[in-house]
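All values derive from a computational prediction rather than experimental measurement. In what follows, chains are A, B, ... by sequence order, proteins preceding strands, each numbered from 1.
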Amino acid sequence: MTAQRLWLGAVILATVAMTAWLYAQLFPPATRSTQPVSGVNYSADGVVLTQMRSSGTPSYRLRAASLSHTIPDDITHLRDIVLTLFPAQGTPVTLITPRADLLAGGQTVVMPGQVVITRPTRSGEMRLTTSAVRVNIHTQTADTQALATLTGPGYRIQGLGLHGNFADHIIELLHDVRSTYQR
Amino acid sequence: ATNTLAASRAPVHISADHFRFDQPKGIGNYSGNVIVTQAKLIIKGAKLTILAPQNGTLKKLTMTGNLAAFQDVTTTGKAVSGQALRMEYDPAKQQIVLLGKARVEQSGNTFRAARIVYDIRHDLVDAGAPGQRIEATFKPASATTGTAHKP
């Protein structure tokens, strides 16, 4: 009788252990997230990011000395940035600035400080100096309300406010334009 | 302009409300209160179109307005002015072509035609074109010199 009872206990014990093991396999305990709820959740140094078009040609290249991504705002903070936009036609346009934020959605780059925009042209380099620029890297446009100065071989054009459409290579100075052409 | 060679090499200053530069076409458009100055030449109008400069040299400036106007001082120091719907200024040739309701006033004489070419360098007015009439008003010499006219 005792042997029978011992044997029954062992079977019950084994069943309970098996059930517990199966349960643990089927319903693993929730992994405790190690990500911070807010603040920097990743960072990197010496970054070069190239976005390609479906045609296989580059659309833009973002080079930064360092970046840090913060949540929950989903903003990527960049330092010492060289952003090169590759229009479908024509030569690329390069924007250089010390600090920028790539906003959530990955479409808009905000450049609060001074921005130097350059583009090689047949008659020499065209250079635009301005500040507080918002760049849409998909439409390849740039906008600011700040003073913008366009210089090239023999000319200097300054105005308040800029709309640059680098896909179509059209630059507009919006107000109070003054220019000098000098041989 | 007083010394036309120097004037033709003088820097060209342009101010306006708005500027648009179409790089592929090589065309710049100024609009809104456009003022062009070079040495003593002043051209004013509503819209100005320029061809992209090659090393600072502007080849042709086209000003339109209702009406566009220019003023300058001739090589002999006299005032000259003009108006038209459209003006084409060639800095190298030192020449202004006035088109549409064109009028030039030079030393008191007035010329009106559909087309007038004013040669800044030589202070010459060439008014009219085949099949077009011109109207010229000359101020009597005495009126200009102020001396009594003896019959």
Side-chain angles (χ1 to χ4, degrees), chain A residues 84-95 117-130 140-183, chain B residues 1 3-63 65 88-94:
Chain A
T84 305
L85 302 174
F86 297 91
Q89 268 100 35
T91 51
V93 178
T94 302
L95 298 89
I117 305 172
T118 57
R119 185 175 162 255
T121 68
R122 276 191 304 270
S123 53
E125 180 185 81
M126 179 210 78
R127 173 181 286 259
L128 241 173
T129 308
T130 184
Q140 299 193 333
T141 55
D143 291 276
T144 181
Q145 292 306 312
L147 191 70
T149 305
L150 177 64
T151 54
Y155 66 85
R156 184 177 186 279
I157 307 166
Q158 190 170 69
L160 262 179
L162 158 79
H163 174 65
N165 180 330
F166 302 123
D168 300 337
H169 300 291
I170 290 178
I171 289 171
E172 293 186 63
L173 298 178
L174 306 180
H175 309 286
D176 198 13
V177 177
R178 294 168 198 284
S179 42
T180 299
Y181 297 84
Q182 172 94 48
R183 288 168 177 239
Chain B
N3 172 340
T4 56
L5 184 62
S8 71
R9 292 179 173 279
V12 176
H13 301 283
I14 305 173
S15 63
D17 294 342
H18 185 270
F19 172 71
R20 183 177 190 274
F21 184 36
D22 185 325
Q23 288 177 279
K25 291 179 184 159
I27 289 178
N29 286 299
Y30 291 85
S31 56
N33 302 310
V34 187
I35 302 172
V36 176
T37 57
Q38 183 184 38
K40 292 191 172 164
L41 170 65
I42 300 174
I43 305 174
K44 294 182 181 178
K47 277 201 178 102
L48 176 74
T49 302
I50 62 168
L51 300 178
Q54 297 301 320
N55 293 311
T57 306
L58 286 170
K59 291 214 166 49
K60 187 166 110 173
L61 296 83
T62 303
M63 180 80 88
E88 294 169 359
Y89 171 49
D90 184 326
K93 287 183 185 171
Q94 284 289 279

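When side chains are defined from C-beta on, B/Val36 does not count as touching A/Tyr181, because their heavy atoms never get closer than 4.5 Å.
Residue contact with chain A, scored on non-hydrogen atoms closer than 4.5 Å, involves the side chain of B/Ile50 exclusively. For B/Asp22, the parts sitting under 4.5 Å from any heavy atom of chain A are the backbone and the side chain alike. Interface residue A/Asp168: only backbone heavy atoms are found under 4.5 Å from chain B. Heavy atoms of A/Arg119 lying under 4.5 Å from chain B belong exclusively to its side chain.
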* **Candidate pair A/Glu172 and B/His18, rule side-chain contact (heavy atoms from CB on, under 4.5 Å), full reasoning** => CA-CA 7 Å; A/Glu172 293 186 63; B/His18 185 270; 2.9 Å; yes

* To do: Mind running side-chain contact (heavy atoms from CB on, under 4.5 Å) on A/Ile170 and B/Arg20 for me, showing each step along the way?
  => CA-CA 7 Å; A/Ile170 290 178; B/Arg20 183 177 190 274; 3.1 Å; yes

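When B/Ser15, B/Pro91, B/Ala16 are compared by the number of non-hydrogen pairs under 4.5 Å with chain A, B/Ala16 comes out ahead.
The two residues A/Thr180 and B/His13 have their closest heavy-atom pair at OG1-ND1, 2.9 Å.
A side chain to side chain contact (heavy atoms under 4.5 Å, CB included) with B/Phe19 holds for exactly one of A/Leu162, A/Leu150, A/Asp176, A/Ile171; it is A/Leu150.
Taking CE of A/Met126 as the reference point, atom CZ of B/Phe21 lies at 8.0 Å (rounded to 0.5 Å).
A/Ser179 places a side-chain N or O within 3.5 Å of a backbone atom of B/Ile14 that can act as its donor or acceptor partner.
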